[in-house]
Amino acid sequence: MAKVTVDGRTVEVPGTANVLEACRAAGVDVPHFCYHPRLSIVGQCRMCMVEIEGVPKIQASCTVPVRDGMVVLASSEKALAARNATMEFLLINHPLDCPICDQAGECKLQDNAVAAGLPVSRTVEPRRQFPGYDRTSIGPHVIADMTRCIQCTRCIRFCSEIAGTGELTFIERGGHTIVWTHEGKELDNAWSGCAADVCPVGALTTKEFRFRKRVWWLDKAKSVCDGCEIGCNISIEHRDRAVYRFLPRVNLAVNDFWMCDHGRFRAEELNGNDFTRPVLRKAGTARETHWGEALDAVKAAVDAAVAKDPASVLVLGSARLSTEESWLLAQLFKGTVGAPQVEFHADLGPERRIKNPSVPGGWLVGKEAAPNSRGAEAAGVARAGKGSALARLLDGSYTPEVLYIADAEFTSRASDPAFILALCRAKTLVVHGRRTNLLTDAADVLLPVASLAGKEGTFVNVLGLVQRFQLAIVPPPIVRTDLEVLLHLGKRWGVFDTQWTAKSVFELMKGTVPGYAGLGWDSAAVAGNEPTVSPTSAYDVLLERRLSNPAEILAAAVAEVAGGEK
Amino acid sequence: MSDFQPVLSARLGKKNSCALATYVADGGYASWKKVLAGSKTGEWTPAKVTDLVKASGLRGRGGAGFPTGMKWTFVPSREKRGEKPVYLLCNADESEPGTFKDRILIEKDPHQILEGMMLASFALDVKHAYIYIRGEMVHGAETLNAAIDEAYAAGLLGTNVLGSGLDLDITVHRGAGAYICGEETALIESLEGKRGHPRIKPPFPAVSGVWDAPTVVNNVETLCCVKHILDRGADWFKGIGRNERNTGPKLYCVSGHVEKPGVYEAPMGIPFRDLLAMCGGMKGGRKVKAVIPGGSSAPMLTGDEMMDVPLDFDGVAAAKSMLGSAAIIVMDETTDIPKAVTNIAKFYAHESCGQCTPCREGTPWLHKMLKRIVNGQGKKADVEMLLQVAGQMGNGMTICVFADAAIAPVLSAIPKFREEFEAYVSKSATPGFDQPAAAGITSKVAERTAEGMHS
């Protein structure tokens with residue numbers, strides 16, 4: 001550890017830290033562009049200039065390792081003049097297109113221009129243009145505009161150091177330097193959206209979000225990606241009941257600062273609700289109905305079947321349901337109704353990976369395509385393996401009276417006709433559905449449910465971590481969450497209270513569900529980090545947490561210094 | 001001084017000067033053979049060679065004038081560096097405008113360089129040395145490769161050189177012609193196959209250079225000097241030159257408005273006046289208006305300032321410029337200084353590697369402003385702004401000293417020839433538009449941000 005004094009505030013930082021990190025730890029936010037805690041230090045934006053006592057020349061703070069007893073003048077006249085100079089240099093060629101730039105509002109250049117720039121421009125020279133390298137697609141998701149680029153190389157370093165694919169490079173030199181893909185290559189790695197995230201300006205933007213919404217209008221909800229079992233922490237960015245994008249939310253134990261494109265670009269898929277009312281189908285004729293009639297029909301069918309044979313009811317949960325929902329499903333059918341066959345199936349692959357230095361091997365791997373198989377198992381829903389009711393149903397040796405499917409998208413095979421035909425052998429098919437697929441078309445009772453953005457609960461990820469996702473947008477009227485559907489259904493057997501929420505179910509179940517004991521719904525471990533204002537400096541969340549109580553930190557630092565002197 | 005005999009350039013005019021046979025006939029490779037033979041008896045050790053170079057007072061001929069022997073001692077000892085090899089890189093990326101001394105050594109006397117490299121490799125325990133040669137010097141690269149082939153054939157390179165048990169390989173690596181690759185860390189990056197971007201220092205190359213191994217980068221002329229120090233001793237070398245700190249023979253590249261421009265060898269510290277006389281004086285007998293004494297990155301001096309300056313590292317530094325690569329660009333009274341400065345600024349705008357913001361953005365800005373001024377579209381405030389913009393590019397603002405080199409001509413020429421710049425501006429077709437007094441704004445902003453910083 002090294003004691004470093006920044007503008008009169010002394011902090012203790014690890015000996016491996018650099019001066020920029022020490023400044024930030026001391027609560028002095030030194031503006032910067034090229035520094036990123038997960039990328040190598042290049043020291044080339046020259047924005048984080050500070051004075052260091054005993055060093056004659058001004059220094060880029062990110063390039064200088066801390067030394068015990070170092071005294072840093074981060075806000076001296078010389079340091080501010082140097083930063084003003086860098087801002088001026090960056091702005092002389094930067095286009096004045098903030099009004100049409102998607103990055104506006106979460107742009108480091110804009111922020112630093114306001115904080116450390118000159119109020120007027122001194123240049124009258126024509127601004128640099130890059131014909132052919134502006135507003136050009138460089139990959140399936142990313143559009144590059146080199147007139148906005150400030151050559152910080154974060155994206156280049158992201159692709160070579162995090163993704164390990166190295167599609168991007170500098171081309172040309174000096175004032176003509178641009179960042180582009182290598183000849184004949186595309187920026188098409190599995191995390192290309194993160195390259196746009198780390199871009200401090202609007203040089204890299206994603207096609208999916210481009211021109212869709214001003215970022216300052218977006219509300220943020222803490223959620224968890226349901227694209228695979230890794231469970232990347234995300235922020236669902238939404239406005240007026242519409243989801244616009246996902247951004248990764250920092251979780252050093254799980255997704256670090258990143259998320260994959262597969263998960264990221266699922267965002268707008270959450271918006272659609274094909275069904276606004278429950279649907280009953282009798283003798284091939286479908287009609288919309290109200291929840292009362294639909295749920296009564298479900299109860300009647302289940303009761304009749306159980307009376308004949310409890311094994312004639314098959315309940316298929318899903319690894320896409322929250323643990324709370326799975327728990328209600330198991331409690332209701334296995335406990336109250338007395339139908340023991342409550343199973344789930346989760347698709348395997350394709351494999352997703354997230355770079356995380358805290359994981360052995362450096363990569364967190366998600367093999368299952370659903371977020372919560374561990375939670376489902378913990379809640380008492382059995383994994384459908386060999387000899388399971390689902391397997392017997394599919395091989396034709398078993399035909400249930402009632403097949404209750406709590407997630408119409410529980411497998412990618414839900415659009416496979418042969419698969420659906422096998423399921424349709426059940427006399428009554430009950431399906432929770434949101435988007436039309438073959439399964440919802442075949443359902444005798446279709447119960448319309450909300451997407452991930454419209455509900456809350458917890459998932460248990462590949463590492464066994466319980467992670468909570470929050471409500472982002474209220475689902476359309478009449479559409480219910482899976483949890484609400486199960487509560488209303490359970491009420492018909494007199495067991496659940498429709499006033500329960502995901503939180504109250506969490507409290508009810510946590511004593512009995514493995515892995516949930518002692519957890520708090522609102523605890524930091526379960527709720528995760530807050531989303532940051534900008535994806536560009538998502539790591540600020542770590543700083544914010546440290547700075548949440550500067551007085552306390554100062555007192556601790558003072559105490560440490562005093563203790564050291566004794 | 002008058003009895004000074006050329007040392008480095010002694011063989012340049014000879015017939016077949018590149019051939020091994022003529023080099024050996026002139027006493028070449030005697031030192032290499034002597035050292036190798038002595039290494040077995042313990043008469044010659046690496047430390048002894050290093051001490052000799054240290055004692056000679058040899059300072060690097062590439063530009064910075066850093067004592068060569070001291071640079072060598074920065075390489076960690078074998079215990080400290082472990083299994084890592086040490087690399088010697090000969091910096092033949094001569095590209096400073098006005099400099100052409102290394103090229104003539106490469107093209108006319110390659111064995112002199114090779115012998116210098118061999119001796120330096122012995123001193124530094126180097127098994128593989130590289131010559132990083134500028135891409136444009138195709139002929140030079142061919143000459144060097146031919147010389148290396150001859151040396152291998154004669155057993156002067158390769159495994160178990162001359163039965164000494166020592167191995168040494170030398171490889172020529174051609175650059176792609178970027179000026180910045182003459183900067184030693186950019187040269188290392190380029191040799192590794194990457195873009196020629198200078199590295200953040202520390203670590204210095206002596207500790208972690210090419211492929212993370214300890215690396216010494218020496219200029220062509222420096223390595224040639226090493227050969228002659230081994231040939232004739234440190235005391236002989238020290239006897240040449242103005243004083244203890246500026247020793248040895250020196251190649252001066254004189255260009256510009258002199259009668260006979262070219263490479264001249266003289267003792268270190270020859271007064272400019274004498275060197276000018278060697279070149280046959282000024283063309284047409286005109287007056288010296290300005291001199292750039294060390295390549296385009298050295299601050300410009302006026303003719304009057306220059307005349308009695310001793311041309312060595314300390315002498316030129318005392319005149320507030322630098323000897324650099326001893327590329328002396330002489331400009332007579334017909335020279336249009338703003339145009340000359342614009343030309344130099346164009347070079348630096350073209351050659352900036354693009355890494356650091358102040359240099360990447362500042363060098364083209366300076367060039368654009370200068371171009372506007374000499375095109376008659378300058379404004380009164382532009383001259384002051386040139387100084388201000390240049391003033392905020394250097395002195396630690398960038399990773400390497402390229403920006404400092406780029407601003408030197410501007411920062412030196414404007415105060416010395418201000419009236420010429422102002423003449424352009426006052427003739428300008430676009431008068432008016434008084435820029436807000438830029439200096440005032442800067443300081444006000446500094447105050448404002450200082451207050452608002454933590455609020």
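Note on naming: letters A, B, ... go to the chains in the order of the sequence lines (proteins, then strands), and numbering restarts at 1 for each one.
- For the atom pair NE2 of H197(B) and CD of Q44(A), the computed distance is 6.5 Å after rounding to the nearest 0.5 Å.
- With rounding to the nearest 0.5 Å, the separation of NE2 in H176(A) from OG in S352(B) is 10.0 Å.
- In this structure, the portion of I92(A) lying under 4.5 Å from any heavy atom of chain B is its side chain and not its backbone.
- Across every non-hydrogen atom of P126(A) and K368(B), the tightest pair is O-NZ, 3.1 Å.
- For the options A349(B), G362(B), A178(B), G354(B), heavy-atom pairs under 4.5 Å to chain A are most numerous at G354(B).
- When side chains are defined from C-beta on, I399(B) counts as touching R46(A), because their heavy atoms get closer than 4.5 Å.
- One finds the CE atom of M397(B) at 10.5 Å from the CZ atom of R83(A) (value rounded to the nearest 0.5 Å).
- Contacts between F170(A) and chain B at a heavy-atom distance below 4.5 Å involve backbone atoms as well as side-chain atoms.
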Start with the C-alpha distance between E361(B) and Q151(A), add both sets of side-chain angles, then the distance that settles side-chain contact (heavy atoms from CB on, under 4.5 Å), and finish with yes or no.
CA-CA 11 Å; E361(B) 305 292 340; Q151(A) 285 84 18; 4.1 Å; yes
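- At a 4.5 Å heavy-atom cutoff, I178(A) makes no contact with chain B through either its backbone or its side chain.
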Start with the C-alpha gap between M47(A) and T357(B), add the side-chain angles, then the distance that decides, and say whether side-chain contact (heavy atoms from CB on, under 4.5 Å) holds.
CA-CA 8 Å; M47(A) 190 62 207; T357(B) 305; over 6 Å; no
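- Looking at R173(A) and R360(B), their side chains never come closer than 4.5 Å, going by heavy atoms from C-beta outward.
- Closest heavy-atom contact between F89(A) and M393(B): CZ-CG, 3.4 Å.
- Contacts of R372(B) with chain A are made by side-chain atoms alone, with heavy-atom separations under 4.5 Å and no backbone atom involved.
- When side chains are defined from C-beta on, Q355(B) does not count as touching T153(A), because their heavy atoms never get closer than 4.5 Å.
- In terms of heavy-atom pairs under 4.5 angstrom with chain A, the leader among P364(B), P358(B), G391(B), C359(B) is P358(B).
- Note: K371(B) NZ to E125(A) CD = 9.0 Å, rounded to the nearest 0.5 Å.
- Within a 6.0 Å radius of OH in Y133(A), other residues, nucleotides and ligands contribute 12 heavy atoms or fewer.
- The contact between E172(A) and chain B is made entirely by backbone atoms, counting heavy-atom distances below 4.5 Å.
- With chain B as the partner, the residue from V64(A), T169(A), V55(A), T86(A) showing the most heavy-atom pairs under 4.5 Å is T86(A).
- The minimum heavy-atom distance linking T177(A) with R195(B) is given by the pair CG2-NH2, 4.4 Å.
- Using a 4.5 Å cut-off between heavy atoms, A60(A) does not touch chain B at all.
- The two residues V42(A) and I200(B) come nearest to each other via the heavy atoms O-CD1, 3.3 Å.
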